[in-house]
Amino acid sequence: MIEVDGPTDARCSDESNQVLSDNLAGALKKLLSGKGISETHLKSTGYGERNPVVDNKTAAGRAKNRGTEMTVRDF
């Protein structure tokens with residue numbers, strides 16, 4: 001199982017960040033599916049501002065929170 005997570009920084013509204021993170025995680029899931037990974041082995045979640053990788057208080061922290069993360073799980 002591959003989990004694709006999409007955090008964001010906190011520079012825009014909560015709603016905008018949620019849509020952005022949903023779209024980023026979904027796009028990576030679609031890319032992996034197109035490369036032959038079965039959709040049953042993929043899960044995507046957009047976290048918006050709820051689950052940042054690091055604190056959003058600094059420019060460096062915000063930069064780390066833009067993008068996606070993948071976790072491979074053995075189920």
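Side chains are part of it too, since the values below use all heavy atoms of this structure and drop only hydrogens, waters and symmetry mates.
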*Side chains of N51 and D5: do they bring a donor and an acceptor to under 3.5 Å?*
no

*What distance separates L32 CG from I2 CD1, expressed to the nearest 0.5 Å?*
5.5 Å

*For residues 20-30, pull every pair meeting salt bridge (charged side-chain N to carboxylate O under 4.0 Å, His left out), keeping only residues two or more places apart or in separate chains.*
K29-E39

_From Q18 atom CD to N23 atom CG, the distance as rounded to the nearest 0.5 Å_ = 10.0 Å

*Any idea which heavy atoms bring G6 and S21 closest together, and the distance?*
O-CB, 2.7 Å

*Could you tell me which non-hydrogen atom of P7 sits nearest to which non-hydrogen atom of T68, and how far apart they are?*
CD-CA, 4.4 Å

*Starting at CD of E3, measure out to CZ of R73 and round the result to the nearest 0.5 Å.*
4.5 Å

_For R11 against R62, the heavy-atom pair lying closest together_ = CG-CD, 3.5 Å

*When hydrophobic residues are tied together by side-chain contacts of less than 4.5 Å, even through go-betweens, does V53 share a cluster with V72?*
no

*For the atom pair OG1 (T58) and NZ (K64), what is the distance rounded to the nearest 0.5 Å?*
8.0 Å

*Do the side chains of L24 and M70 join up, straight or via other hydrophobic residues, at under 4.5 Å, putting them in one cluster?*
no

*Kindly indicate whether the side chain of E49, heavy atoms from C-beta on, has any atom under 4.5 Å from the side chain of T8.*
yes

_Heavy-atom closest contact (A25 atom, G46 atom, distance)_ = CB-N, 4.4 Å

_Quick check: do L42 and S33 have side-chain heavy atoms less than 4.5 Å from each other?_
yes

*For residues D9 and N17, determine if any side-chain heavy atom of one lies less than 4.5 Å from a side-chain heavy atom of the other.*
yes

